[in-house]
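Only one structure is covered here, and it is reproduced in the block below.
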Amino acid sequence: MANMFPHLFTPGKIGNLEIKNRICKAPQSSGMNNKDGTVSERAIRYYRDQAAGGTGMIIVEYAYVDDIGAKSAHCHLGISNDEHIPGLAWLAENIREMGAVPAIQIEHCGRQKFLGTQPIKAPSAIPWPKLYAQHGLEAVPQELTIPEIHEIVKCFGDAALRAKIAGFELVEIHGAHGYLLTNFFSPTTNHRTDMYGGTLENRCRIYFEIIEDVRKKVGPDFPVTIRLSGTDYEPDGFSIEDTIYLAKGLEARGIDAIDVSGGDHHTMIHQTSPMAIEVCHNVWAAEALKKELSIPIMASGSITLPEYAEDILSSGKGDFVVLGRPLWADPEWAKKAEEGRPEDIRPCIRCNEGCLERTFYNYKAVTCALNPVISREGELKIHPADTKKKVAVIGGGAAGMEAARVAKLRGHDVTIFEAQKKMGGLLNEAAAPEFKSDIRHFQKYLETQIQKLDIPVIHKMTTAADLGDFDAVISATGSTPVKPKIPGADKAIAMDALEAINNTNKVGKKVVVIGGGLVGTETALDLAENGHSVTVVEMLPQIMNDVAATDFMVYSERIAKTDMKALTNTRLEEVTDTGVLVSNKKQGTFALDADTVILALGFRSCQDLYQELKAAGKEVYLVGDAVKPGKIMDAIHTAYRVSVKL
């Protein structure tokens, strides 16, 4: 049923290389390689799964080109010396065996490192303070000398040749995202006055020298691409017009395709955009380059669903699509789209929890909030259960539906009990703000899987007496808002955040939100963007303390465009008929007028049924918020791991 997405599943060519479809896996650091940069067996398992899912070309994560200062991240893949070739050859062959074209990206980090160590060299002695400050480093790199630049150019060429020898069928040069080459290209990071700085031509020079050296070493017919940021989104950075100039120069020197992304690690929301940023975020830049060049253009950036990808190709905005996080959420993205069942694709919600927040930023191998198997390939696969059981799942939220899905796939006889009239649990409230609409796709996916697996759902409040015939029970009973023991908290003016989200028509014009965590912030921001006057009261020194870094960036920008206010280091003392009394050290106790007071003071787990069943000796398990209130990642991972072993 490939005709559902005809452009997506038409073969395409880059140079003389034919690719079976227009889907490429983006090069993303995995943290799964050995410390010396050699390929690990864990990385092999990961890439085999990625390649088996129907994707046309796998561009292996960036590999550092020299042993001096190019390495950027923990367990970073290397291509800097011939000792790396045996493992790289092993990797390329495994990708090819699974049906995809093996490609690899080569890179030098420049000033941008995630290792917590001092950056060594960059075009100019300009620091990257956002990361290094937390390690107590000044983060001022040394300015590269011209002989050192020439050596780096040579290293790129040598690395490309190693890729060809190892059996990769295409090599991509990393010229984007704030790494070394963009350190030369961007006026933000290049203050040189010699032949590598100043004019646009000079800032492009190292790119041109690298492609010339690479082409000389790999030959005229070996496919070579480059990844560029359409813009770095820096206030004093480079523009799309600058990038078009660079791309034209690269085309003239023999580059075979341009892979278009955007941003750098200062402007991460444009590079790895969270759900509060529009989908297909950098496709505009691919479209701009396609109008000016004759070589293939590869579009990337939050292309989460097949219909988005098909539209990009059919409307001529790009010749290929490059998917990163969507292929972590579902490595079979391409296979399911080609088979005409996009509803079975587990859609990336761009939460950045598993791939960045809890893993990469903490020197761990990446995973995915929605797909616990990533980085655990071969360990957590769904296999038929040794003993088939009759299983009751209590709760039809994210954790309950995931637990039921996996248990059913293992062959168990599963029934879901859900007290509410509709499924989804807290996903319904989480997806309510328009800037979190990605979650709606995931909720629909889960509900679709329950329907397609013919898992019965009984809508009733469940008691222990209802569960006597079941061999095992999975308690996904979730959590409930904390009810504070604050004078006046039960007044008609007050409601909890869930009530506010579900009854926005009852929320007054002037609102005070008590609690500036994730739920409080998102509720307040949604109301502020919809015309309410909102003040957030938070006891801690800042709001958004439990918000992912990329969400923090984009929420801060969005908040700045509203009149939403935040009072930090401030405590709620009382809810009154006309607002609240709050206090802090600076102002003492004072009143805030409000039409509505929203209490966003956290959640507590609902474990009563679990404890009753456990005391009765029933085989019973806790998953999701019933274990501990958390995020979607916690719900999915706990549910999957219980059911995959049940």
Side-chain angles (χ1 to χ4, degrees), residues 29 31 35 37 62-76 78 80 106-156 173-200 202-207 209-210 228-229 231-238 242 262-272 356 360-363 549-550 552-553 556:
S29 183
K35 184 179 178 181
Y62 62 179
Y64 58 86
V65 299
D66 75 35
D67 293 319
I68 301 172
K71 186 175 181 179
S72 172
H74 51 281
C75 293
H76 190 167
S80 57
I106 57 177
E107 172 263 3
H108 190 298
C109 73
R111 72 172 191 157
Q112 192 167 266
K113 295 171 69 177
F114 287 94
L115 293 169
T117 56
Q118 187 73 20
I120 299 174
K121 298 285 185 178
S124 300
I126 298 172
W128 182 42
K130 286 195 175 182
L131 181 67
Y132 294 112
Q134 70 190 56
H135 297 287
L137 301 172
E138 293 183 1
V140 181
Q142 297 176 25
E143 183 172 295
L144 286 161
T145 66
I146 288 179
E148 287 172 333
I149 294 170
H150 292 166
E151 179 61 26
I152 288 171
V153 169
K154 175 180 178 297
C155 286
F156 270 95
I173 299 163
H174 198 346
H177 295 166
Y179 293 106
L180 180 73
L181 300 193
T182 49
N183 294 167
F184 278 93
F185 187 48
S186 178
T188 303
T189 48
N190 186 348
H191 293 182
R192 300 177 74 98
T193 57
D194 60 12
M195 61 190 295
Y196 289 98
T199 66
L200 179 57
N202 283 352
R203 289 186 280 114
C204 292
R205 188 180 304 278
I206 191 170
Y207 285 86
E209 291 178 347
I210 285 173
L228 301 178
S229 292
T231 171
D232 52 6
Y233 295 94
E234 297 279 6
D236 56 351
F238 57 87
D242 295 339
D264 59 28
H265 289 356
H266 270 172
T267 58
M268 181 68 82
I269 59 173
H270 302 291
Q271 178 187 332
T272 311
L356 288 178
F360 190 73
Y361 288 162
N362 294 295
Y363 311 107
T550 48
F552 189 99
M553 293 179 198
S556 296

Smallest heavy-atom separation, Gln112 atom then Ser72 atom, equals O-OG, 3.4 Å

For Asp236, what residues pass the side chain to side chain donor-acceptor pair (under 3.5 Å) criterion, not counting sequence neighbours?
Thr188

Gly263 versus Tyr233, closest heavy-atom pair with distance:
N-CD1, 3.6 Å

Rounded to the nearest 0.5 Å, what separates atom NE2 in His266 from atom CD in Glu234?
6.5 Å

Note: Phe185 and Cys204 closest approach over all heavy atoms is CE1-SG, 3.7 Å

Correct closest heavy-atom pair for Phe156 and Ile106 would be O-CD1, 3.5 Å

Set of residues satisfying side chain to side chain donor-acceptor pair (under 3.5 Å) with respect to Asn183, sequence neighbours excluded
none

Under the rule for ring pair (Phe, Tyr, Trp, His ring centres under 6.0 Å), what residues qualify as partners of His174, not counting sequence neighbours?
His177, Tyr179

Residues passing the side-chain contact (heavy atoms from CB on, under 4.5 Å) test with Cys155, sequence neighbours excluded, are Val65, Asp66, Glu151

Thr272 meets the side-chain contact (heavy atoms from CB on, under 4.5 Å) criterion, sequence neighbours left out, with Met268, Arg325, Asn352, Leu356

Check whether any side-chain heavy atom of His270 lies under 4.5 Å from a side-chain heavy atom of Thr231, and answer yes or no.
no

Quick one: pull up NZ in Lys121 and CG in Leu180 and give me the separation to the nearest 0.5 Å.
12.0 Å

Are any of the side-chain heavy atoms of Leu228 and Phe238 separated by less than 4.5 Å?
no

What distance do Ser124 atom OG and Glu143 atom CD have between them, rounded to the nearest 0.5 Å?
5.0 Å

Checking Asp67 now: which residues fulfil side chain to side chain donor-acceptor pair (under 3.5 Å) with it, not counting sequence neighbours?
Ser80, Asn81

Is there a side-chain contact between Thr189 and Phe184 in this structure, where contact means two heavy atoms from C-beta onward sitting under 4.5 Å apart?
no

Do Glu148 and Ile68 have side chains that get closer than 4.5 Å, going by heavy atoms?
no

Taken in chain and number order and not counting sequence neighbours, the residues that satisfy side chain to side chain donor-acceptor pair (under 3.5 Å) with His150 are Tyr196

Less than 4.5 Å apart, any side-chain heavy atom of His76 and any of Tyr62?
yes

With side chains defined as the heavy atoms from C-beta onward, is the minimum distance between Pro187 and Arg203 less than 4.5 Å?
yes

Considering residues at least two apart in sequence or located in another chain, which fulfil the ring pair (Phe, Tyr, Trp, His ring centres under 6.0 Å) criterion with Phe552?
none

Checking side-chain hydrogen bond (donor to acceptor under 3.5 Å, both in side chains) between Ser186 and each of Asp264, Asp242, Asp232, which is the one that passes?
Asp232

Search all heavy atoms of Ala176 against all heavy atoms of Thr182 and return the closest pair with its distance.
CA-CG2, 3.5 Å

Gap between atom NE2 of His108 and atom CG of Leu181 - 0.5 Å precision:
9.5 Å

Could you work out, with side-chain contact (heavy atoms from CB on, under 4.5 Å) as the rule, every residue matching Thr193, not counting sequence neighbours?
none

Is there a donor-acceptor contact under 3.5 Å from the side chain of Arg192 to the main chain of Leu144?
yes

From NE2 (His265) to CZ (Arg111), nearest 0.5 Å
11.0 Å

What residues form a side-chain contact (heavy atoms from CB on, under 4.5 Å) with Ala125, not counting sequence neighbours?
Val140

